[in-house]
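Report on the following structure.
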Amino acid sequence: MLAACERSGRVATEFAKRGWEAWSCDLEPSDQLMHIWVSENFEHDGVYRHHRGDVLELFEWDHPVNSRVKFGLEPVWDLVIAFPPCTDISSAGARYWKEKDISQGGDGRMQWGAKLFMDMIYAPAPHVAVENPMGKMNQWYRYPDQVVEPWWFGDPYSKKTCLWLRNLPMLVADNPVAPVGRVATGGGSWRTDRNAQRVLMSKYEDSRGRVNREYMRSLTFEGFARAMADQWGPYIEKEMA
């Protein structure tokens, strides 16, 4: 499986624990791994592998990560779970859409974000999930198959998260807890949070320092990552068996 545009390794790790050959890919280095791991002999040891580079490279058979497999006789991946950047297409930044939308005289960043989103939708795998917050793709593509919350899976926060699915069942809330705060997908200075008394939310978002707030807001929650592996993993394993 491939966790596309994932830097944290949380989703890839959960699938690796199940014995999958799990990869993550991002332009940034992995938070957990120090190097790209490529070998002819894979051991399913609960450790995922990270490729630093353009994720679209991993959609091609001739890439070294894929060239071990018999060329072109099956989809490149069994499962792709993608987290394309939402900065330019999320509703959280709607007030900046005009300057990003080329059709309104903007610089085209919105169209670039939408193209990458659609590249993930059509990833070369029989099973695909694309994650993003509410945003422009709800209008330009279609409404998501499902909207989930972190508190469904044991993480006590609210953050509406959209899922566009291909050949995957909708996730079920398997460990619901009471949310203690809302994690913003964009905007919201620390002063705004303070004035709104979002103490617990701010504590989470500032846990790696205020300069890393944007990254913390983009992180996949651990319970959400676990639920994907616990629910989609057996579904695909049964089908392939």
Side-chain angles (χ1 to χ4, degrees), residues 1-69 75-87 113 116-133 148 150 153 155 159 161-166 168 171 185 208 212 214-233 235-237:
M1 67 82 60
L2 171 65
C5 308
E6 183 186 50
R7 173 178 154 190
S8 70
R10 288 180 172 180
V11 175
T13 292
E14 292 298 327
F15 278 89
K17 289 178 182 178
R18 295 189 62 85
W20 286 57
E21 180 186 321
W23 286 83
S24 63
C25 178
D26 196 75
L27 294 175
E28 298 295 329
S30 166
D31 278 2
Q32 301 182 43
L33 303 181
M34 298 302 294
H35 60 275
I36 299 171
W37 194 95
V38 182
S39 171
E40 292 294 323
N41 300 308
F42 284 89
E43 296 179 1
H44 301 311
D45 52 8
V47 178
Y48 73 99
R49 283 85 191 178
H50 182 77
H51 174 70
R52 185 180 183 183
D54 184 347
V55 66
L56 297 182
E57 296 173 355
L58 299 188
F59 288 0
E60 302 296 334
W61 274 109
D62 57 1
H63 192 278
V65 168
N66 303 321
S67 60
R68 303 167 296 99
V69 187
V76 181
W77 299 92
D78 297 310
L79 168 66
V80 171
I81 302 176
F83 307 89
C86 66
T87 304
L116 184 57
F117 177 98
M118 294 307 299
D119 286 337
M120 301 299 105
I121 289 288
Y122 294 109
H127 305 280
V128 175
V130 179
E131 179 268 0
N132 241 226
V148 302
F153 313 112
D155 298 301
K159 181 184 178 184
T161 304
C162 301
L163 295 173
W164 288 262
L165 306 174
R166 175 160 28 109
L168 287 170
L171 294 175
T185 54
R208 295 197 187 185
N212 292 313
E214 181 179 355
Y215 175 62
M216 290 304 299
R217 287 172 169 175
S218 70
L219 267 180
T220 301
F221 283 97
E222 292 176 337
F224 186 19
R226 172 203 54 76
M228 286 189 260
D230 284 353
Q231 297 183 38
W232 290 339
Y235 177 84
I236 298 172
E237 291 158 15

side-chain contact (heavy atoms from CB on, under 4.5 Å) evaluation trace for His63 with Val76: CA-CA 10 Å; His63 192 278; Val76 181; over 6 Å; no
Heavy atoms, side chains only, cut-off 4.5 Å: are Asn66 and Trp23 in contact? no
CZ on Arg7 to CG on Asp26, rounded to 0.5 Å: 7.5 Å
Is it true that a side-chain atom of Arg52 and a backbone atom of Leu27 form a donor plus acceptor pair closer than 3.5 Å? yes
How far does OG of Ser8 sit from NE2 of His50, to the nearest 0.5 angstrom? 10.0 Å
Without swapping roles, check the side chain of Arg10 against the backbone of Leu219 for a donor-acceptor pair under 3.5 Å. no
Are the side chains of Thr220 and Met228 in touch, meaning some heavy atoms are under 4.5 Å apart? yes
For the pair Trp164 (side chain) and Asn132 (backbone), establish whether a donor and an acceptor sit closer than 3.5 Å, ignoring hydrogens and angles. no
With a 4.5 Å limit on heavy-atom distance, are the side chains of Phe15 and Ile236 in contact? no
Identify the heavy atoms of Trp20 and Gly233 that sit nearest to each other, and give their distance. CZ2-O, 4.0 Å
Quick one: list whatever passes salt bridge (Lys or Arg N to Asp or Glu O under 4.0 Å) with Glu6, sequence neighbours left out. none
Shortest non-hydrogen contact from Ala22 to Ala16? CB-N, 3.8 Å
Which heavy atom of Val128 sits nearest a heavy atom of Ala123, and at what distance? CG2-O, 4.0 Å
Check the pair Trp232, Ile81 against side-chain contact (heavy atoms from CB on, under 4.5 Å), reporting the backbone distance first and the verdict last. CA-CA 10 Å; Trp232 290 339; Ile81 302 176; 3.9 Å; yes
Apply side-chain hydrogen bond (donor to acceptor under 3.5 Å, both in side chains) to Asp54 and list each qualifying residue two or more places apart in sequence or on a separate chain. none
What I'd like to find out is whether the side chain of Leu2 reaches to under 4.5 Å of the side chain of Val55, using heavy atoms alone. yes
Is the CD atom of Glu222 crowded by more than 12 outside heavy atoms at less than 6.0 Å? no
Partners passing ring pair (Phe, Tyr, Trp, His ring centres under 6.0 Å) against Phe153 (at least two apart in sequence or in another chain): Phe224
Check the pair Leu56, Met120 against side-chain contact (heavy atoms from CB on, under 4.5 Å), reporting the backbone distance first and the verdict last. CA-CA 9 Å; Leu56 297 182; Met120 301 299 105; 3.7 Å; yes
Got a second to check how far Leu168's CG is from Gln231's CD, nearest 0.5 Å? 11.0 Å
OH of Tyr122 to CZ of Phe117, rounded to nearest 0.5 Å, is 10.0 Å
Greater than 12 external heavy atoms within 6.0 Å of Tyr235's OH: yes
So which atom in Val80 and which in Ala4 form the shortest heavy-atom distance, rounded to 0.1 Å? CG1-CB, 4.4 Å
Check for a donor-acceptor pair, side chain of Arg226 on one end and backbone N or O of Glu14 on the other, with a separation under 3.5 Å. no
Shortest non-hydrogen contact from Cys5 toward Pro84: SG-CA, 4.1 Å
